[in-house]
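All values below were derived from every heavy atom in this structure, side-chain atoms included, with hydrogens, water molecules and symmetry-related copies excluded.
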Amino acid sequence: MAATELLYLADSYLRQFEARVVKLEEHSVVLDRTAFFPRGGGQMADRGQLLAEGRTFPVIAVEKRGDEVHHTVDGPLPSPGSRVKGQLDWEHRFQMMRTHSALHVLCGVIFQRYAAQVTGCQMYPDRARMDFTLADLTPERVREIERLTNDAIDEGYPIRVRFLPRREANLMPELIRTKINLVPPQVDPVRIVEIVGLDVQADGGTHVANTLEIGPIEIVKTENKGRENRRLEIRLLREGS
Ligand SMILES: [Zn+2]
């Protein structure tokens, strides 16, 4: 196994990097390091390209298998051992960062206002949906959640990423609430994404550095997903970059 160093964990804004090809499989390339986000935690995978030997190799899918990140390339693969330059489709990635951070703001607002727990989420470049347990989701409440979320975004909260030793993370009430026990026990340190003063979660995704980068959101849809579960769909109102 050739573990891939995950550059995006420390720097979500890294959109270009250099790496070495350590393994090839049928249609995929494993690098020693990557800024490409493999799909996971409701966030879509990055796309982009690898440049090597004067050629361009389009990356159409990215997936984590064990400790390796597999970049699926459309067409022939670069040579084993070669040096490549990776370039992300930044427009797509930045949209994912904005929608992902928007969901965390929503999560913080819904918990602070209603003590409701999030049970799942899925992001797309321009919209996202979140499931949570709040049986009494009236239209008035939906409008209130939308207003409180936009107020919080407008507040300009910094979003910080840090790494905490597992034994410390296990004791943080906010992390217990957001189910740190679902993070595999061998993960240590734990990556923490904190919207300082609003929301804290153990999270492996990429985020903007300040809520102002999200811009205003709109709740476009609500759905009942069982007796207690409700789904909200949000849309970003401002164009990215
Ligand atoms: Zn997240």
Side-chain angles (χ1 to χ4, degrees), residues 1-104 123-128 158-163 189 191-195 203-215 236 238-241:
M1 284 293 272
T4 309
E5 186 189 347
L6 310 176
L7 302 170
Y8 59 84
L9 288 181
D11 184 2
S12 291
Y13 286 83
L14 188 66
R15 55 177 102 175
Q16 203 162 287
F17 64 98
E18 283 176 12
R20 185 184 294 279
V21 175
V22 292
K23 185 175 156 184
L24 298 175
E25 265 184 27
E26 222 180 333
H27 299 290
S28 71
V29 179
V30 179
L31 303 172
D32 59 348
R33 57 212 292 269
T34 191
F36 280 87
F37 181 82
R39 69 189 156 79
Q43 184 176 330
M44 285 168 74
D46 282 325
R47 308 184 294 231
Q49 52 193 14
L50 301 177
L51 307 174
E53 303 152 337
R55 300 178 61 182
T56 301
F57 303 89
V59 175
I60 53 168
V62 187
E63 200 183 13
K64 202 153 179 265
R65 296 185 204 154
D67 287 339
E68 297 174 343
V69 175
H70 286 251
H71 306 74
T72 304
V73 167
D74 185 20
L77 303 180
S79 318
S82 61
R83 293 226 138 259
V84 300
K85 187 185 232 183
Q87 287 175 339
L88 306 191
D89 173 345
W90 182 249
E91 206 179 312
H92 178 262
R93 155 64 88 76
F94 190 58
Q95 287 298 96
M96 296 308 307
M97 286 160 61
R98 293 174 67 217
T99 52
H100 199 159
S101 297
L103 283 185
H104 282 217
M123 289 145 243
Y124 304 95
D126 57 337
R127 68 200 160 86
I159 303 179
R160 262 185 231 143
V161 173
R162 64 199 160 105
F163 293 85
R191 185 173 181 267
I192 308 293
V193 174
E194 181 171 17
I195 304 180
D203 191 276
T206 59
H207 288 268
V208 294
N210 189 290
T211 58
L212 288 173
E213 293 181 75
I214 302 166
L236 302 184
R238 203 176 69 200
E239 297 279 301
S241 336

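- Residues Glu91 and Pro125 are not in side-chain contact: their nearest non-hydrogen atoms beyond the backbone lie 4.5 Å or more apart.
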Side-chain donor-acceptor contacts of residues 77-88 below 3.5 Å, not counting sequence neighbours, with atom names and distances?
residue: Ser79; atom: OG; partner: Glu53; partner atom: OE2; Å: 2.6
residue: Ser82; atom: OG; partner: Ser79; partner atom: O; Å: 2.6
residue: Gln87; atom: OE1; partner: Gln49; partner atom: NE2; Å: 2.8

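- No donor-acceptor pair closer than 3.5 Å links the side chain of Arg93 to the backbone N or O of Gly48.
- By the 4.5 Å heavy-atom criterion applied to side chains, Thr34 and Leu7 are not counted as neighbours.
- Looking only at side-chain heavy atoms (C-beta outward), Val161 and Arg191 come within less than 4.5 Å of each other.
- For His100, the ring-ring contact (aromatic ring centres under 6.0 Å, His included) criterion is met by His104, His207, not counting sequence neighbours.
- Partners of Thr211 by side chain to side chain donor-acceptor pair (under 3.5 Å), not counting sequence neighbours: none found.
- Separating the CG atom in Leu6 from the CG atom in Asp11 is a distance of 13.0 Å, to the nearest 0.5 Å.
- Closest approach of Thr4 and Glu68 over heavy atoms only: OG1-CA, 3.5 Å.
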For this session: Under the side-chain contact (heavy atoms from CB on, under 4.5 Å) rule, what do Met97 and Tyr13 come out as? Steps first, then yes or no, please.
Result: CA-CA 9 Å; Met97 286 160 61; Tyr13 286 83; 3.8 Å; yes
Exercise. So Arg20 and Asp32, salt bridge (charged side-chain N to carboxylate O under 4.0 Å, His left out) or not? Walk me through it.
Worked result: CA-CA 6 Å; Arg20 185 184 294 279; Asp32 59 348; 5.2 Å; no
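- Going from atom CD of Gln43 over to atom OG1 of Thr206 covers 3.5 Å, rounded to the nearest 0.5 Å.
- For Ser28, the side chain to side chain donor-acceptor pair (under 3.5 Å) partners at least two apart in sequence or on another chain are His70.
- Side-chain contact between Leu31 and Leu50 is present, with heavy atoms from C-beta onward closer than 4.5 Å.
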Exercise. Given the rule in the side-chain contact (heavy atoms from CB on, under 4.5 Å) test, do Ile159 and Glu213 qualify, once you have shown the distances and angles that lead to the verdict?
Worked result: CA-CA 11 Å; Ile159 303 179; Glu213 293 181 75; over 6 Å; no
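- If you take CD on Glu18 and CZ on Arg33, they are separated by 8.0 Å, rounding to the nearest 0.5 Å.
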Exercise. Yes or no on side-chain contact (heavy atoms from CB on, under 4.5 Å) for Val73 and Ile60, after CA distance, side-chain angles and deciding distance?
Worked result: CA-CA 6 Å; Val73 167; Ile60 53 168; over 6 Å; no
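- Of the inter-residue distances, the one linking Leu212 atom CG with Ser101 atom OG reads 12.0 Å to the nearest 0.5 angstrom.
- Checked against side chain to side chain donor-acceptor pair (under 3.5 Å), Glu63 has the following partners two or more places apart in sequence or in another chain: Arg39, Arg65.
- Residue His27 places its NE2 atom among 12 or fewer non-hydrogen atoms of other residues, nucleotides or ligands, all under 6.0 Å distant.
- Distance check: Thr72 OG1 to Phe57 CZ gives 14.5 Å after rounding to the nearest 0.5 Å.
- With rounding to the nearest 0.5 Å, the separation of CG in Asp74 from CZ in Arg47 is 13.0 Å.
- Partners of Val62 by side-chain contact (heavy atoms from CB on, under 4.5 Å), not counting sequence neighbours, listed by chain and number: Phe36, Pro38, Ala45, Val59, Val69, His71.
- Nearest heavy-atom pair across Leu14 and Trp90 is O-CZ3, 4.5 Å.
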